[in-house]
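One structure is given here, and the rest of the page talks about it.
This structure is a prediction, so every number in the text was calculated from the model and none was measured. Both ligands and their constituent atoms are indexed starting at 1 by order of listing.
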Amino acid sequence: MTAIVTVASGKGGTGKTWFAASLAQALALAPGRRVLLVDADWGLANADVQLGTSAPAELPVAAPLEALVGCIRRVPGTGVDLLAAGSGSGRLADLAPRDRLALARKVAAIARAYDWTVIDLAAGADRSLRDWWRLGRHRMLVVTPDPGALTDAYAFLKLARADGDAGRAEVVVNRAPSRAVGDATAAKLERAVGHFLKVPLPARGVVLDDPRVTAAIRAQTPFLARYPGTATTLTLEHLARGLARAQKPSAQPSLRPSEPAT
Ligand SMILES: Nc1ncnc2c1ncn2[C@@H]1O[C@H](COP(=O)(O)OP(=O)(O)OP(=O)(O)O)[C@@H](O)[C@H]1O
Ligand SMILES: [Mg+2]
């Protein structure tokens, strides 16, 4: 049984990669729990850089599943396995829809060997991103209190709704200057989405702006290992516990193609 968490935002730079990587670390704190982090920002992947580990230059997309499994690396100091292609693997960014779907199928198959799989997506809202988004049992939109981030998250969800995939969405407010601002930001987006798109968007949590995040990224060290016991780490642990509680026996991830294979 696996639970897949997909992490999108619309706008770039809201903290998706850091959040996805840190959530994976928090999930992996439970003894015996198998956690996979997938950097699906194909072409501009940087989870490996943030975590101070290495990734193969290219992923063998067309090769048998075992070759892809062979690309998984354990992130030192965490219980997290990472599947990523090094930054600049342009071939992955330009995959044809049929190959994209084949890759998503393989990732979903690999995910079955894990209790949790967290998939970090690229910025944007294009079709290929939404194909990955729908794999999530939990589909998280990471926003900041910046109005541009809210507008883009709204636009992402509007497109996902048109695909029939706005369900199971949740919002995480990152870089909030205070808990109150974070809560108000989540409520504002939830209201707009509820009113205009008629879909629920519950808040999964609020992460405060914390200079340690930038420090950990610059030091290329997993956040939870570098800053255990800090307020931000406790927030992530709380989020992970909430997810684990919400976990029910999973359905198979949805892999229907959203466009004709070419
Ligand atoms: N909670 C936080 N507090 C302070 N700074 C943060 C926080 N979260 C993220 N950042 C900063 O935001 C920067 C961008 O983070 P990250 O690369 O994870 O964003 P992203 O959404 O994945 O970006 P992209 O859209 O380019 O993939 C980080 O380098 C870090 O400095
Ligand atoms: Mg990123």
Side-chain angles (χ1 to χ4, degrees), residues 5-26 37-53 55 75 78 80 82-90 92-93 118-126 128-130 132-133 136 139-146 148-157 170-183 185-186 189 203-224 226-228 230-240:
V5 180
T6 45
V7 180
S9 67
K11 188 175 176 358
T14 60
K16 289 177 295 302
T17 299
W18 172 77
F19 174 77
S22 300
L23 180 65
Q25 291 162 54
L37 173 65
V38 179
D39 190 342
D41 191 350
W42 312 115
L44 289 175
N46 59 4
D48 56 325
V49 178
Q50 285 199 11
L51 293 167
T53 187
V75 180
T78 72
V80 176
L82 174 66
L83 177 64
S87 192
S89 48
L92 278 171
V118 183
I119 305 182
D120 173 33
L121 298 174
D126 60 43
S128 66
L129 286 169
R130 284 161 15 230
W132 284 91
W133 158 262
R139 301 167 179 168
M140 297 194 186
L141 280 170
V142 176
V143 302
T144 64
D146 166 15
L150 297 186
T151 313
D152 288 2
Y154 178 90
F156 185 99
L157 211 53
E170 308 173 344
V171 62
V172 173
V173 181
N174 187 27
R175 308 203 64 170
S178 67
R179 179 72 209 224
V181 170
D183 287 341
T185 302
L189 186 59
R204 175 55 65 184
V206 170
V207 181
L208 298 186
D209 194 77
D210 181 350
R212 293 185 196 89
V213 172
T214 308
I217 291 173
R218 292 217 175 116
Q220 296 186 265
T221 319
F223 187 86
L224 269 66
R226 188 169 178 95
Y227 295 113
T230 59
T232 301
T233 291
L234 295 180
T235 299
L236 288 157
E237 290 175 11
H238 177 74
L239 279 177

Item checked: Heavy-atom gap S9 to ligand 1 smaller than 4.0 Å -> no
Next item on the list: Could you establish whether L208 and ligand 1 come within less than 4.0 Å of each other, counting only heavy atoms on the residue side?
Entry: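 L208: in contact with ligand 1 (<4.0 Å).
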Counting non-hydrogen protein atoms only, what is the nearest one to [atom]? Give residue, atom name and distance.
| atom | result |
| --- | --- |
| atom 3 (N) of ligand 1 | D210 N, 2.8 Å |
| atom 28 (C) of ligand 1 | I217 CD1, 3.5 Å |
| atom 1 (N) of ligand 1 | N174 OD1, 2.9 Å |
| atom 31 (O) of ligand 1 | T214 OG1, 2.9 Å |
| atom 14 (C) of ligand 1 | G13 O, 4.0 Å |
| atom 20 (P) of ligand 1 | K16 N, 3.5 Å |
| atom 11 (C) of ligand 1 | R175 NH1, 3.4 Å |

Quick one, [X] and [Y] - any side-chain contact, counting heavy atoms below 4.5 Å?
| X | Y | value |
| --- | --- | --- |
| W18 | N174 | yes |
| V143 | V171 | yes |
| L51 | L37 | yes |
| D146 | T144 | yes |
| T235 | V206 | no |

Next item on the list: Measure the spacing between CD1 of I217 and CZ of F223 and express it to the nearest 0.5 Å.
Entry: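 Reported value, rounded in 0.5 Å steps: 9.0 Å.
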Notebook entry, point to check: How many angstroms lie between OG1 in T151 and CG in L189, if you round to the nearest 0.5 Å?
Noted result: 9.0 Å
In ligand 1, which numbered atoms sit nearer than 4.0 Å to a non-hydrogen atom of [X]?
| X | result |
| --- | --- |
| W18 | 8 (N), 18 (O) |
| G12 | 25 (O) |
| D41 | 27 (O) |
| A123 | 25 (O) |

Using modelled atom types only, decide if a donor and an acceptor are shared between the side chain of [X] and the backbone of [Y] within a distance under 3.5 Å.
| X | Y | result |
| --- | --- | --- |
| Q220 | V49 | yes |
| R130 | A125 | yes |
| Q25 | L224 | yes |
| T14 | V142 | yes |
| D39 | N46 | yes |

So, regarding [X] and ligand 1 (criterion: nitrogen or oxygen to nitrogen or oxygen, under 3.5 Å), is there a contact or not?
| X | value |
| --- | --- |
| G15 | yes |
| T17 | yes |
| Q50 | yes |
| T14 | yes |

Check: Which one holds for V213 and ligand 1: side chain close, backbone close, both close, or neither close, with close meaning a heavy atom under 4.0 Å?
Finding: side chain
Notebook entry, point to check: If you look at every heavy atom in A40 and L121, which pair is closest and at what distance?
Noted result: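 Smallest heavy-atom distance, with atoms named: CB-CD2, 3.9 Å.
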Next item on the list: Identify the heavy atoms of S22 and L236 that sit nearest to each other, and give their distance.
Entry: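 Distance-wise, the nearest heavy atoms are CB-CD1, 3.5 Å.
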Margin query: My understanding is that only residues two or more places apart in sequence, or in another chain, count here; which of them pass ring pair (Phe, Tyr, Trp, His ring centres under 6.0 Å) with F19?
Written below: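 F19: no ring pair (Phe, Tyr, Trp, His ring centres under 6.0 Å) contacts found.
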Next item on the list: Count, excluding waters, the protein N, O or S atoms that are closer to the Mg ion (ligand 2) than 2.8 Å.
Entry: 1
